[in-house]
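Position 1 is the first residue of the sequence, and the numbers go up from there. Note that ligands are numbered from 1 as they come in the structure, with each ligand's atoms numbered from 1 the same way.
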Amino acid sequence: MNYKIPQEVKDISETLSKAGFENFLVGGCVRDLLLGREPKDWDITTIATPEEIQKVFPDSFYENDFGTVGVKTETTGIVEVTPYRLESEYSDARHPDKVTWANKIEDDLARRDFTMNAIALNIETGEIIDPFEGRKDIEKKVIRTVGKPEERFGEDALRMLRALRFVSELSFVLDSETQSAIGEGANLLKKISKERIRDEFVKIIMSDNPAIALDMAARLSLLKYISSEFEQGIGVEQNKAHAYTVWEHLLRSLNHAAAKKFPLHVRVAALFHDIAKPHTKRMVNDQATFYGHEVVGARLTRKALEDLRFPKDLIEKTTKLVRWHMFFSDTEQITLSAVRRMVRNVGPELVWDLMNTRAADRIGTGRPKETPYRLRKYHSMIEQVMRDPISVKQLVVNGESIMKLTGATPGPHIGFILEILLAEVLDEPKRNDKSYLESRVKELYDLDPQELERVGREARAKNESEEEKEIEKIKGEYGVK
Ligand code: ATP
Ligand code: MG
């Protein structure tokens with residue numbers, strides 16, 4: 001069979017062979033070649049030691065304890081070249097106690113997680129070494145551990161989550177013994193570092209069908225090691241407008257985001273947006289309400305993502321999307337000032353992501369897509385207000401000019417004045433005019449300090465949350481969401 005292998009990878013293999021070192025392509029790339037998928041990265045394993053590999057490739061680098069030497073290429077990034085390895089005892093369910101080099105490819109394959117990942121391909125001869133019948137499993141689309149699943153999961157519990165990740169990525173099924181061993185060994189995952197769990201979680205989320213792995217994680221009691229918050233949503237019924245439980249709804253929303261190839265932070269927001277519904281559920285006249293779930297949800301999302309050691313930037317974006325996902329967008333009724341406040345709340349850089357989160361939410365509820373007409377109208381309203389001032393920074397007056405104008409000293413009263421001016425400008429952008437705002441500054445400065453503080457606080461609350469009141473009003477009228 002002819003495999004599509006980049007020339008530079010072939011060259012590395014040939015260079016090793018010429019220096020007298022047997023070597024093979026191995027792991028995920030061989031699996032993907034056999035499946036006709038494009039490999040993400042290229043791994044070569046060889047009988048050479050790290051020192052020998054470095055001698056053969058003087059530009060390579062070796063910065064870890066596992067023997068992996070990185071060889072740079074022009075077109076395929078870093079190719080990892082690793083000596084045949086043996087792994088001895090795993091006393092902690094996550095790290096081999098000792099890594100030693102092996103002198104047979106078969107020994108290296110035996111330490112690998114699943115049969116489909118334990119196949120070696122000799123690039124020059126096309127010979128395949130497949131002692132665990134990985135090819136058969138690939139044909140049947142089955143994920144099966146190399147050796148006894150309980151033992152292999154006992155060595156490294158992350159393999160359980162990797163198994164589910166491959167279910168989502170490859171549309172394979174779990175072999176039944178492998179599956180029951182996961183069910184029984186789930187609690188071993190508590191020993192695994194959050195970073196490793198996060199990396200597999202991200203791969204699940206970025207796959208085309210993440211719901212299937214996460215749903216299995218729920219059934220096999222693995223979910224709580226990703227986030228304990230999810231489990232509470234399983235089986236929580238919603239109200240008449242929702243056909244699905246909270247958990248099903250979140251999975252459906254995520255799958256829509258995946259189908260649309262939305263970026264990671266939007267997918268994570270789709271998965272988390274209603275996470276607080278179980279906490280905020282109240283029955284009012286036989287109807288479930290979830291008042292404030294987006295506020296609590298933003299907090300829980302932040303906590304869950306911090307626990308998983310996600311980068312700060314992703315945490316900020318995702319929590320904002322969760323916090324503001326409940327905006328009202330009925331183009332028949334919405335005002336420009338409400339759209340302006342929405343943009344102000346989530347920030348102009350996240351507006352379109354928020355729209356996408358909302359679309360995922362909507363489809364995840366089982367509702368049809370928004371009509372193109374209404375969507376277009378809403379989009380044009382957003383574009384229109386994006387040109388308007390939406391933050392204190394964009395007002396034509398600032399703290400300094402206010403102090404100059406009135407002779408006021410610095411202090412919170414300046415902030416209150418700015419907040420009041422912003423509230424007026426959010427209602428009517430034309431008011432962002434120097435002479436109008438300056439006359440308002442003088443009037444406001446003349447107010448009794450306590451009165452100024454009261455009006456200032458009111459303006460701030462309005463600027464931040466008028467949306468919510470509107471939503472509540474509409475929900476009352478239509479009895480939805
Ligand atoms: P991907 O397509 O995401 O790169 P992959 O199968 O290549 O998938 P990697 O994490 O890159 O996964 O690992 C490369 C190979 O190393 C795997 O195919 C497998 O043979 C082996 N491997 C990785 N992690 C483990 C593990 N925890 N236990 C045993 N073998 C592992
Ligand atoms: Mg790989």
Whether Lys104 and Asp107 form a salt bridge (side-chain N of Lys/Arg under 4.0 Å from carboxylate O of Asp/Glu) is what I want to check. yes
Atoms in ligand 1 flagged as close to Lys40, the criterion being non-hydrogen separation under 4.0 Å: 1 (P), 2 (O), 3 (O)
Residues pairing under salt bridge (Lys or Arg N to Asp or Glu O under 4.0 Å) where one sits in residues 252-265, two or more places apart or in two chains, turn out to be Asp208-Lys261
Return the number of protein N, O or S atoms with a distance to the Mg ion (ligand 2) smaller than 2.8 Å. 1
If you look only at distance, which donor and acceptor atoms sit under 3.5 Å apart when one is on a side chain in residues 32-40 and the other is two or more places apart or in another chain?
unit_1: Arg37; atom_1: NH1; unit_2: Glu169; atom_2: O; d: 3.2
unit_1: Lys40; atom_1: NZ; unit_2: Glu169; atom_2: OE2; d: 3.3

Pair Arg135 + Asp130, salt bridge at N-O below 4.0 Å: yes
Please determine, by modelled atom types, if Glu106 and Tyr84 share a side-chain donor-acceptor pair under 3.5 angstrom. no
ring-ring contact (aromatic ring centres under 6.0 Å, His included) filter on His279, not counting sequence neighbours, yields none
Within a distance under 4.0 Å of any heavy atom of Arg159, pick out the atoms of ligand 1 and give their elements. 26 (C), 27 (N), 28 (N), 29 (C)
Looking only at distance, does Gly27 have an N or O less than 3.5 Å from an N or O of ligand 1? no
With a 4.0 Å cut-off on heavy atoms, is Arg111 touching ligand 1? yes
Contact partition for Arg165 relative to ligand 1, non-hydrogen atoms under 4.0 Å: side chain
Please determine whether a side-chain nitrogen of the Lys or Arg among Glu155 and Arg152 lies less than 4.0 Å from a carboxylate oxygen of the Asp or Glu. yes
Where does Trp42 meet ligand 1, judged by heavy-atom distances below 4.0 Å: at the side chain, the backbone, both, or neither? neither
Ligand 1 contact by Asp156, heavy-atom criterion under 4.0 angstrom: yes
So does Arg219 pair up with Asp215, basic N to acidic O under 4.0 Å? yes
So the atoms of ligand 1 within less than 4.0 Å of a heavy atom of Asp41 turn out to be 4 (O)
Can we say Asp353 and Lys317 salt-bridge, meaning some charged N sits less than 4.0 Å from an Asp/Glu carboxylate O? no
Enumerated ligand 1 atoms positioned under 4.0 Å from heavy atoms of Gly28: 5 (P), 6 (O), 7 (O), 18 (O)
If the cut-off is 4.0 Å to any non-hydrogen atom of Arg31, which atoms of ligand 1 fall inside it? 2 (O), 5 (P), 6 (O), 8 (O)
Pair Arg112 + Asp108, salt bridge at N-O below 4.0 Å: yes
Identify whether the distance between the nearest side-chain nitrogen and carboxylate oxygen of Glu14 and Lys18 falls below 4.0 Å. yes
